[in-house]
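Inspection log for the structure reproduced underneath, given as structure tokens.
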Amino acid sequence: MRLTLEVDGDVVSRVRGAEADSIVVVASPSTSALWTASARAAIGPLAIERAPHCRVNAVFFEDGARQADIDAAADFLDQARSTTGQIIDVRAVTRT
């Protein structure tokens, strides 16, 4: 299950309220460094809390990141049956 968080959304209550064997949080960029740090810090403890019946992972992406890259990262985490508590950062593509 993919949970797409709005900017400054409540990651803890969204994950705790979800019913699935795999939850992938997809978080858009935030201007709040505090929210970003808090959301990232919550993934590991939420994965422990929901184990062993549910895996919790996350994808955090930057402005300008390609949607195909975000989707590929989320799909990978959803299918990786032995992976929980992990975060993939998807960066914007820069050309030189």
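The basis for the numbers below is simple: all heavy atoms, side chains too, and nothing from hydrogens, waters or symmetry mates.
Using a 4.5 Å heavy-atom threshold, the side chains of I70 and Q67 count as touching. Contact of the M1 side chain with the E19 side chain is not registered, since no non-hydrogen atoms from C-beta on lie closer than 4.5 Å. Side chains of I88 and F76 form a contact here, defined as non-hydrogen atoms less than 4.5 Å apart. Within the 4.5 Å cutoff, side-chain heavy atoms of V25 are placed close to those of I43. Contact annotation: the side chain of R50 approaches that of I23 to within less than 4.5 Å [non-hydrogen atoms, C-beta and beyond]. In this structure, L5 and W35 have side chains that are in contact, with non-hydrogen atoms separated by less than 4.5 Å. Residues N57 and T83 have side chains in contact (heavy-atom distance under 4.5 Å, counting atoms from C-beta outward). Here the side chains of D21 and H53 are not in contact, with every heavy-atom distance at 4.5 Å or above.
Electrostatic pairing of D71 and R2 counts as a salt bridge here, judged by a charged N lying under 4.0 Å from a carboxylate O. Between R16 and D10, none of the side-chain N atoms (NZ, or NE/NH1/NH2) sits under 4.0 Å from a carboxylate O, so this pair counts as no salt bridge.
A donor-acceptor distance shorter than 3.5 angstrom exists from the side chain of T84 to the backbone of V56, with no hydrogens or angles considered. Looking only at distances, a side-chain donor or acceptor of R55 sits under 3.5 Å from a matching main-chain atom of D78.
Taking all atoms of both residues into account, the shortest heavy-atom contact from S28 to E6 is OG-C, 4.3 Å. Of all heavy-atom pairs between T36 and S30, the closest is OG1-CB, 3.7 Å.
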side-chain contact (heavy atoms from CB on, under 4.5 Å) between D69 and V93, worked out: CA-CA 10 Å; D69 296 337; V93 176; 4.3 Å; yes

Determine, step by step, whether I87 and F60 satisfy the side-chain contact (heavy atoms from CB on, under 4.5 Å) criterion, reporting the C-alpha distance in whole Å, the side-chain angles of both residues, the deciding distance to 0.1 Å, and the verdict. CA-CA 7 Å; I87 298 171; F60 284 79; 3.6 Å; yes

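For R91 and F61, the positive end is not near the middle of the six-membered ring at less than 6.0 Å and at most 45° from its axis.
For the 3.5 Å distance criterion, the side chains of Q79 and D75 fail to qualify, holding no donor opposite an acceptor.
Placement of V24 and V90 within a single hydrophobic cluster is found when ILVMFWY residues are connected by side-chain heavy-atom separations under 4.5 Å, directly or transitively.
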